[in-house]
Amino acid sequence: MSKPSVPVPREGVKQQAMAQALTPPLDRLTTNQGLLLSDNHNSLKAGARGPTLLEDFILREKITHFDHERIPERAVHARGAGAHGFFEVYQSEAAITRAGFLCDPTVQTPVFVRFSTVAGSRGSADTVRDARGFAVKFYTPEGNCDLVGNNIPVFFIQDAIKFPDLIHAVKPEPDSEMPQAASAHDTFWDFVTLMPETTHMLMWVMSDRGIPRSLRMMEGFGVHTFRFVNAHGASSFVKFHWKPRLGVHALTWDEAQALAGQDADFHRRDLWEAIASGQFPEWELGVQVVPEADEHRFAFDLLDPTKLIPEELVPVRRIGRLVLNRNPDNFFAETEQVAFHPGHLVPGIDFSNDPLLQGRLFSYTDTQLSRLGGANFHELPINKGVCPMHNFQRDGMHRQYIGTGRVAYEPNTLANGEEFRVDGRSFDPVGPTGFTSHPEALEPPKQRARSASFDDHYAQARLFWVSQSAPEQAHLVAAFQFELSKLQTPAIRQRMVDTLAHVDADLAQRVGAALGTQPPDKAAATAWPGYREGPASADLAPSPSLSMVVAQSAGIATRKVAILVADGVSGAAVRAVQEALAAAGAMSTRVGPTLCPVRCADGEPLAVDATLDNAPSVLFDALYLPPMVAGAEGLAGDARALRAVEQACRHGKTVAASGNSANLIAAAGVDPALPGVLVDASDDVGAAFLAAVLTAIGQHRHWGA
Ligand code: HDE
């Protein structure tokens, strides 16, 4: 092909390229160079039955690209699900921060959120017991701002230097690569029982917080204490919270394990389907603000990430809302390539000296270099800011930006013919001001040490324990028992029971009861040279906000209810219940023996959405058993239906039955007097029964079951 005689101007080349990128030829295939393919089914061969030729650059390009499709998964938080949305502040928070997106209630800031488990690999199950990541990227006009938090307000360790040890202990053991996505193994418990600072977080992870019902129904926390700084330079400490509109709810451990097999994507699917169906998940951003002058007013150190500030001491003020309203277009390009970093800040937010946070500030960019293959990961579409960007960094792997001119340094006079300098003197005093670190006074000398104010490891663990309701305490005990029962080294089991005695004697005794350990021995848990006993803090009054049951919200929006149908079912009852559920924002699924429509009592066919095989009870929040016409066989003889009823009751769910379908409850071996079991003798679904069913589902679980 001859060269064009008139060179295309630079702008023209760019525009042509952009036009091409915007309108991909969807009706044909090309190579990555844009060459039109004539055949995408056959490689180039020496004869139709002969060997493939090395010359086949089309085959080689396709296979080479395929060979390099995988990038390293995240070292932690590898399994995740993401969504787009927006954040808006309710009113200006300018009194405490100059962060623009927190000062202008007229602005909706675009966000991308990624939720994750911590320990499992990319392909592991969603419902494992673990902390969950809750990372939010705000695309603000002042730059990207990331709040990279978890669904638990404290962390295992106090200093970043212990993070590799913690993660090596919880990850699959290096010789066998087992177990996947589980902390129930020797190395994890060996490590944590030798590190008393982990005790508080262990209480949270072993509680129902470690097995959320839905990503949409869990809280988020910034964990560390951060700083707010206002336009006058005044600073305060702040803890960030995300409060879900749908309340905080959990699975049972038995369900979580079943779901890992029956739908390993349970949380990911739940998030995706909620957004796709227009039921947009929502959280409120809460802040606990502590004036600088009050830094030392608490019994614990604000810089210690194993401590929270009880909401009764400093209330959480809700300052804005986050709505997730769009699923990603492409999992890899967005959810996998998004790169969060606690050091992505805007003016008005700053760090505290929390030694865990300080270490994170190094780790997050560093990890992207190997995960995303070079220093230009900020240019990937999902990571790109919405504000203009200008600096003199250049080159590197996968550079997208095409810099112009000969100047790539500062100060300079050659870029625009006048002196350009950014050294704090040349800023326009009335224009936007850049990021300045809060000028905090520091206390030398330099030393490798930990503050004695971090030494109390048990007071808040005890606070958590005494704040749980009785069923939550029972679940916690069962979780410890399960995890510790998996250990091969009895001494580690004993060490944990001894450690729990520092939290609460009854807790330690109950955990040990099923493990065959010796009576808890407090002294043995900490009997090593160098152990520092923290100051004996006074017992804190129970904090209701730490209990999921106490803090539960009513309402059944987005809850999933299975309606078990078979030939002879009352179509009128099914319709009445489905309509009432839909009116309350809940979703219902007709589950039948097969996918064939069932024949209603009036002879009409009724479509079936799922089967008793492919939709077990663990996929639902409640069951409804509609009445059958007299003489119909119904489901009382179907072992799958009986198992669904038995399981749902065992998991504390609402199980409601009308008319003769109540016989399924007895046939399943369930006591109809159990809380959460609602039976109405009438074949007609009345308003009072419907209201009772909706209220019962709104309670989430009936733990007396
Ligand atoms: Fe992370 N963490 N972390 N972390 N973390 C990562 O960064 C790290 C910590 C959290 O959806 C990694 O990009 C160190 C606390 C979330 O992409 C890595 C320390 C909290 C995510 C890393 C911590 C978190 C990560 C892996 C101790 C709660 C997922 C991939 C000093 C406040 C973000 C990556 C996403 C991811 C390091 C402790 C939350 C290796 C060194 C505490 C939600 O850089």
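Start at 1 and go down the list; that is how both ligands and their atoms are numbered. In what follows, residues are counted from 1 in the order of the sequence shown.
Judged by distance alone, the side chains of Ser183 and Glu483 do bring a donor and an acceptor atom under 3.5 Å apart. A donor atom on one side chain and an acceptor atom on the other are not found under 3.5 Å apart for Asn383 and Gln368. A donor-acceptor contact under 3.5 angstrom links the side chains of Glu334 and His84, judged on distance only. Side-chain contact annotation: Asp354 with His224, donor-acceptor N/O pair under 3.5 Å present. With no hydrogens or angles considered, no side-chain donor-acceptor pair links Ser207 and Gln468 at under 3.5 Å.
Between Phe138 and Phe101, the ring planes lie tilted relative to each other; the angle falls in the 30° to 60° range.
For a heavy-atom separation below 4.0 Å, the residues in contact with ligand 1 are Arg74, Val76, His77, Arg114, Gly133, Phe134, Val148, Gly149, Asn150, Phe155, Ala160, Phe163, Gly222, Val223, His224, Phe340, Leu356, Arg360, Ser363, Tyr364, Thr367, Gln368.
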